[in-house]
Amino acid sequence: MAVAPSPQATAAAAALSRHRSAAVPPVPRSARVAAAARRPGSTRARGGLVARAVVAAKGEVASSDTGGHEVLMFEALREAMIEEMTLDPTVCMIGEDVGDYGGSYKVSKGLSEMFGDLRVLDTPIAENSFTGMGIGAAMKGLRPVVEGMNMGFLLLAYNQISNNCGMLPYTSGGQFKIPIVIRGPGGVGRQLGAEHSQRLESYFQSIPGIQMVACSTPYNAKGLLKAAIRSDNPVVLFEHVLLYNLKEKIPDEEYICCLEEAEMVRPGSQLTILTYSRMRYHVMQAVKTLVNKGYDPEVIDIRSLKPFDLHTIGNSIKKTHRVLIVEECMRTGGIGASLRSAIIDNFWDELDARPVCLSSQDVPTPYAATLEDATVVQPAQIVAAVEEICQS
């Protein structure tokens with residue numbers, strides 16, 4: 001049953017907007033079209049296709065004179081939740097400590113007071129149970145956002161995510177939609193130990209019926225979460241534990257990002273570097289050194305881990321004819337392995353050198369800081385790989 005926003009929620013949404021620019025111009029037409037598309041009964045598709053209608057608005061928003069406002073990445077995710085829960089009473093949040101505590105990384109801070117404990121539901125430590133409850137709620141017309149306190153804990157809900165979340169729309173003959181978002185922190189942190197340093201992208205990529213996206217900036221964190229909530233497909237959103245305090249200025253106007261579109265981070269001509277999540281920053285650190293050495297790499301944040309944006313990736317490879325994949329996922333069966341296979345299958349004739357993939361070591365992440373760093377790709381390795389590829 002849909003629960004209407006409380007007076008506290010309305011007041012909170014107003015408070016959220018007051019700290020922004022006092023003079024905000026009208027939302028660009030392309031954004032208004034996308035907002036209209038998400039209303040019940042719209043003939044337009046939700047999620048990715050709606051986001052493609054809005055992607056044109058990104059340029060308009062970025063070039064506006066309002067200046068936007070600075071947020072940390074966890075605050076950008078929180079803004080996305082507040083906006084979507086205010087606009088759509090079917091959106092709710094489920095997870096451990098998401099209520100009064102505000103979530104382990106404060107993404108849901110204050111949401112319980114704004115929307116009530118029926119829409120921001122604290123759960124026992126039982127991932128299999130509350131993920132299944134979220135899937136059932138999605139089948140009945142709600143749009144739940146399930147937070148895993150740590151993505152490693154969601155292995156306990158793997159059966160629900162695989163056998164139910166991904167397959168029910170098909171096995172029900174299309175009678176059920178599963179508009180659910182499963183999100184939470186993952187990746188190698190700072191001495192969090194093996195069990196809290198899981199990179200589960202490779203675990204979920206083979207599940208039919210789900211989409212996977214990875215955010216890397218406050219801008220795309222907010223835009224991807226909003227798009228995921230609006231999608232009728234089950235979406236797994238990967239957030240990196242070390243990026244929550246990353247700060248960036250984002251637009252005051254509403255925007256969403258396309259769930260199936262990569263982001264051009266740096267145009268270049270000599271080599272294509274494909275990356276995502278935290279490795280985006282290791283790559284950009286390496287790029288500074290490479291540019292000083294006379295190289296001109298193109299950097300793409302793939303963002304969409306399933307499906308891959310082979311249009312953007314292919315156009316880049318056709319220009320540079322060389323490709324390097326940099327990921328934090330494991331070497332064996334990781335995202336990089338799947339991406340390299342797709343590149344070979346689709347763009348083999350465009351390559352002047354073999355595609356190279358830099359991945360994490362196939363070992364449990366050590367607790368010791370020096371050993372932890374040794375398991376993850378570092379900027380110096382990226383520089384060396386680019387030099388070798390360009391000289392081959």
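Worth saying up front: this structure is predicted, and the values here are computed from it rather than measured.
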Q.
Any salt bridge linking Lys226 with Glu84? Criterion: basic side-chain nitrogen under 4.0 Å from a carboxylate oxygen.
A. yes
- prompt: Are the charged groups of Arg143 and Asp232 less than 4.0 angstrom apart, N to O?
  reply: yes
| Would you find a donor on one side and an acceptor on the other, under 3.5 Å apart, between the side chain of Glu147 and the backbone of Met93? | no
* **Stacked cation flag Lys109 on Tyr101, 6.0 angstrom / 45 deg** => no
| message | Closer than 4.0 angstrom, basic N to acidic O: yes or no for Asp296 and Arg266? | response | yes
Practice problem: May I ask you to check whether Tyr105 and Glu239 show a side-chain donor-acceptor distance below 3.5 Å? | Solution: no
Decide whether Leu224 and Val241 are clustered together by the hydrophobic rule: side chain heavy atoms of Ile, Leu, Val, Met, Phe, Trp, Tyr closer than 4.5 Å, transitively. yes
Worksheet item: Within a radius of less than 6.0 Å around CD1 of Ile344, do more than 12 heavy atoms belonging to other residues, nucleotides or ligands occur?
Response: yes
Are the side chains of Tyr281 and Leu246 in touch, meaning some heavy atoms are under 4.5 Å apart? yes
Under a 4.0 Å N-O cut-off, is there an ion pair linking Glu387 with Lys293?
-> yes
* Say whether, by atom type as modelled, one donor and one acceptor occur between the side chain of Glu328 and the main chain of Val188 under 3.5 angstrom. => yes
Establish whether Ile207 and Phe176 are linked, either directly or via other cluster members, by ILVMFWY side-chain heavy-atom contacts under 4.5 Å. yes
Exercise for the section: Apply side chain to side chain donor-acceptor pair (under 3.5 Å) to Thr272 and Ser316, showing your working. Expected result: CA-CA 6 Å; Thr272 299; Ser316 178; 2.5 Å; yes
Check: So with a 6.0 Å cut-off around NZ of Lys319, is the heavy-atom count from everything else above 12?
Finding: yes
Centroid separation Phe153 to His196 less than 6.0 Å: yes
Subject >> Whether over 12 other heavy atoms sit under 6.0 Å from Tyr203 OH >> reply: no
Result for side-chain contact (heavy atoms from CB on, under 4.5 Å) between Val323 and one of Ile313, Leu351, Leu271, Ile300 points to Leu351
task: State yes or no: do Met151 and Val98 share one hydrophobic cluster built from I, L, V, M, F, W and Y residues joined by side-chain heavy-atom distances below 4.5 Å, directly or via other members?
output: no
